[in-house]
Amino acid sequence: MAYKHGAYGLLDDSVVQRVVESATVPVYFGTAPVGLVRGYSEMDVVNVPVRISSLADARAKVGYSTDFGGFTLCEAIAAHFDSGGEGVGPIYVVNVLDPAVHRASAESEKDVSFVAGRAEVATDTAVIDTVAVKDSTGSTTYVEGADYALDYDAVNGRLVITAVDGGDIEDGAAKVTYSEMDPDAVDAEDVIGTVTSDGQYSGIQSLALLWQEQFVVPNLLAAPGWSQDPDVYEALVAASQSVNGHWNSIVAADLPLVDPSDGSTMIDTIAKALAWKARSNYSSERCVACWPMAEDADGRLFHVSTLFVAASQRVDQSHDGVPFESPSNKAVPVTRQFFGDNAKNRGFDQQTANSLNEKGVTTVVGWAGEWVLWGPHTAAYDADNPSVDPRSYFAANMRVLFDITNNFQLRWGPEIDSPMTRALKDRIVNAEQEQLDRFVTMGALIGEPTIEFLVEGNDTTQLMRGDFVWDAEATPTPPLKSATIRVAYTDAGFAAYFEDGDE
């Protein structure tokens with residue numbers, strides 16, 4: 001038996017009558033325009049989880065751009081904090097773009113004109129720390145602070161250079177030079193990342209730092225713009241299992257609009273999407289598979305995985321962080337489906353979308369005057385495959401199971417290496433039973449969930465080693481996936497013509 005030292009949670013094999021089951025912490029992986037942040041290199045914002053609580057917080061820590069294709073984390077930031085109505089957060093982002101590495105080979109030079117002591121340069125790729133302002137010949141370099149002040153207008157995406165009174169800059173022509181970030185230089189290997197022998201983390205592997213450095217348990221993982229790459233998808237699913245040896249998460253991943261194997265074949269119909277899903281084995285019970293993309297009223301494109309994560313966090317917050325309600329059929333701030341540039345597909349309705357749902361794909365549809373997420377299943381679900389484990393039918397059910405195992409470890413981890421008295425054994429049983437009963441009361445579980453300390457699960461040799469196991473059985477509450485009324489015609493109503501109305 002493998003050596004154990006710590007509190008652990010495992011999913012047991014399912015039985016049909018039962019299934020064994022911390023607040024929502026989304027973690028996104030991708031690229032952010034960190035070069036737009038002054039002093040970014042001193043802020044530790046490359047290949048580490050960064051907590052973001054608002055749009056202003058994002059601009060101050062990792063930068064912000066409306067170029068979601070180049071700076072993929074900005075899509076997530078917009079979905080949580082800039083999509084109308086109240087924002088939902090916090091979120092954690094892991095930016096893999098390093099301006100010291102992923103930059104254009106040549107320095108950019110822009111001709112500007114100072115008018116009333118002010119000049120601007122439109123850019124969202126400048127590394128602001130490298131900006132230099134020179135005279136029109138380029139022979140004189142002005143001094144920041146003494147000759148000019150430099151700011152970045154994140155709303156309009158512009159460098160703003162203001163001449164300082166008493167400085168050497170006068171109205172007229174000048175030159176501005178700077179290094180530029182190159183998001184196209186980032187590839188899937190950067191997103192997947194590594195852990196080196198000297199303890200350096202990058203990409204998805206940086207997830208391990210979230211608990212180690214911030215004591216936060218991740219439970220939703222996504223990499224919009226990257227998860228359609230099968231290697232990134234596999235890395236996300238692998239990372240979701242026992243993070244730091246303990247925590248379990250759900251992955252929100254996307255099927256592509258263009259086949260990444262050749263970079264040209266469009267995946268712009270439901271049939272193509274389902275064939276690609278099957279061929280690429282996007283079928284983990286730890287994953288929600290999403291397709292296609294969606295466009296909002298401002299023309300911004302969002303991956304459905306991002307919409308799923310944001311909606312999940314919003315729904316979870318309405319239940320004290322317990323993730324038992326599906327975000328399916330919840331409104332999302334988009335106006336149409338998007339199948340790729342030059343795609344001819346005009347979209348599909350709810351009934352047609354069910355052909356995606358029945359194969360474990362979540363999408364968006366227009367319904368009752370708004371657009372909603374549509375699809376409650378995990379990527380493992382297949383309506384035609386009876387061997388699918390019942391626990392993995394619904395993503396919300398898997399999330400409840402993970403919530404139980406994660407919170408067990410959070411509660412009892414501090415007790416590790418304490419004397420294992422009979423009183424502690426009973427206290428764990430009683431406290432966990434109370435938690436399960438609370439889940440029943442709030443609607444997260446149905447029936448009579450139990451937790452026991454069984455002799456058959458704890459042999460003497462195992463106990464001598466200090467390894468103790470509690471067995472829980474729980475049934476997550478299924479969603480109302482369909483509701484049908486059956487109406488039968490009857491001729492009995494005709495008798496009303498012959499009834500005496502005066503009686």
Legend entry - Test: Arg399 and Asp403 ion pair at under 4.0 Å: no
Inset, instruction - Flag the pair Arg38 and Glu144 as a salt bridge only when some basic side-chain nitrogen lies within less than 4.0 angstrom of an acidic carboxylate oxygen. - result: yes
With no hydrogens and no angle check, is any side-chain donor or acceptor of [X] less than 3.5 Å from a backbone partner on [Y]?
X	Y	answer
Ser202	Thr194	yes
Asn244	Ala208	yes
Gln313	Pro90	yes
Thr125	Glu180	no
Ser108	Thr177	no
Asn156	Arg158	no
Asp129	Gly39	yes
Glu370	Gly366	no
Asp153	Val155	yes
Ser280	Trp276	yes

Close aromatic pair by centroid cut-off 6.0 Å: [X] and [Y]:
X	Y	result
Phe68	Phe302	yes
Tyr92	Tyr28	no
His246	Phe408	no
Phe402	Trp247	no

Rounded to the nearest 0.5 Å, what separation is found between the [atom1] atom of [X] and the [atom2] atom of [Y]?
X	Y	atom1	atom2	answer
His303	Cys290	NE2	SG	10.0 Å
Ser355	Leu274	OG	CG	6.0 Å
Asp316	Leu220	CG	CG	7.0 Å
Leu97	Arg103	CG	CZ	10.5 Å
Leu236	Ile192	CG	CD1	8.5 Å
Ser326	Leu373	OG	CG	8.0 Å

Inset, instruction - In sequence, state the C-alpha distance, the side-chain angles, and the governing distance for Asn219 and Ser249, and then conclude on side chain to side chain donor-acceptor pair (under 3.5 Å). - result: CA-CA 4 Å; Asn219 45 33; Ser249 305; over 6 Å; no
Do you know which two heavy atoms are closest between [X] and [Y], and how far apart they sit?
X	Y	result
Leu73	Ala32	CD1-CB, 4.0 Å
Tyr40	Val45	O-CG2, 3.8 Å
Glu120	Val112	O-CG1, 3.9 Å
Phe394	Pro478	CE1-CB, 4.2 Å
Ser206	Val94	CB-CG1, 4.0 Å
Thr477	Asn397	O-OD1, 3.2 Å

Inset, instruction - Test Trp374 against every option in Thr362, Asp349, Asn354 by the side-chain hydrogen bond (donor to acceptor under 3.5 Å, both in side chains) rule and name the one that passes. - result: Asn354
Side-chain touch [X]/[Y], heavy atoms, less than 4.5 angstrom:
X	Y	answer
Phe29	Leu207	yes
Gln337	Val364	yes
Val372	Lys330	no
Pro323	Ser312	no
Trp211	Val217	yes
Asn248	Asn406	yes
Phe439	Ile404	yes
Ile267	Pro256	yes

Legend entry - Residue pair Arg300, Asp67: steps toward the salt bridge (charged side-chain N to carboxylate O under 4.0 Å, His left out) verdict: CA-CA 9 Å; Arg300 302 182 302 180; Asp67 177 12; over 6 Å; no
Legend entry - Arg336 and Asp296: CA distance, side-chain angles, deciding distance, salt bridge (charged side-chain N to carboxylate O under 4.0 Å, His left out) verdict: CA-CA 7 Å; Arg336 72 181 185 98; Asp296 74 358; over 6 Å; no
Inset, instruction - Assess whether salt bridge (charged side-chain N to carboxylate O under 4.0 Å, His left out) is satisfied between Asp382 and Lys277, documenting all intermediate values. - result: CA-CA 12 Å; Asp382 184 341; Lys277 176 180 184 289; over 6 Å; no
Inset, instruction - Quick one: do Ile250 and Leu221 satisfy side chain to side chain contact (heavy atoms under 4.5 Å, CB included)? Show the steps, please. - result: CA-CA 6 Å; Ile250 283 286; Leu221 310 181; over 6 Å; no
Inset, instruction - Just do the side chain to side chain contact (heavy atoms under 4.5 Å, CB included) check on Phe71 and Tyr64 with the steps written out, would you? - result: CA-CA 8 Å; Phe71 300 110; Tyr64 183 75; over 6 Å; no
Legend entry - Heavy-atom neighbours of Asp262 CG exceed 12 at 6.0 Å: yes
Inset, instruction - Please indicate whether Gln214 has more than 12 foreign heavy atoms, meaning atoms of other residues, nucleotides or ligands, lying under 6.0 Å from its CD. - result: yes
Legend entry - Verdict with supporting geometry, His80 and Val309, side chain to side chain contact (heavy atoms under 4.5 Å, CB included): CA-CA 9 Å; His80 285 264; Val309 173; 4.1 Å; yes
Inset, instruction - Decide ring pair (Phe, Tyr, Trp, His ring centres under 6.0 Å) for Trp291 and Phe339; before the verdict, give the C-alpha distance in whole Å, the side-chain angles of both, and the deciding distance to 0.1 Å. - result: CA-CA 9 Å; Trp291 185 86; Phe339 301 89; 5.5 Å; yes
Inset, instruction - Given side chain to side chain donor-acceptor pair (under 3.5 Å), test Ser65 with Asp124 step by step and report yes or no. - result: CA-CA 6 Å; Ser65 167; Asp124 61 359; 2.6 Å; yes
Inset, instruction - Over 60° means perpendicular and under 30° means parallel, so classify the ring planes of His377 and Tyr381, tilted if in between. - result: parallel
Inset, instruction - Give the intermediate values and the outcome of salt bridge (charged side-chain N to carboxylate O under 4.0 Å, His left out) for residues Arg411 and Glu432. - result: CA-CA 9 Å; Arg411 280 190 289 272; Glu432 291 304 307; 2.8 Å; yes
Inset, instruction - Could you please spell out the steps behind the side chain to side chain donor-acceptor pair (under 3.5 Å) verdict for Thr306 and Glu75? - result: CA-CA 8 Å; Thr306 305; Glu75 175 190 326; 2.7 Å; yes
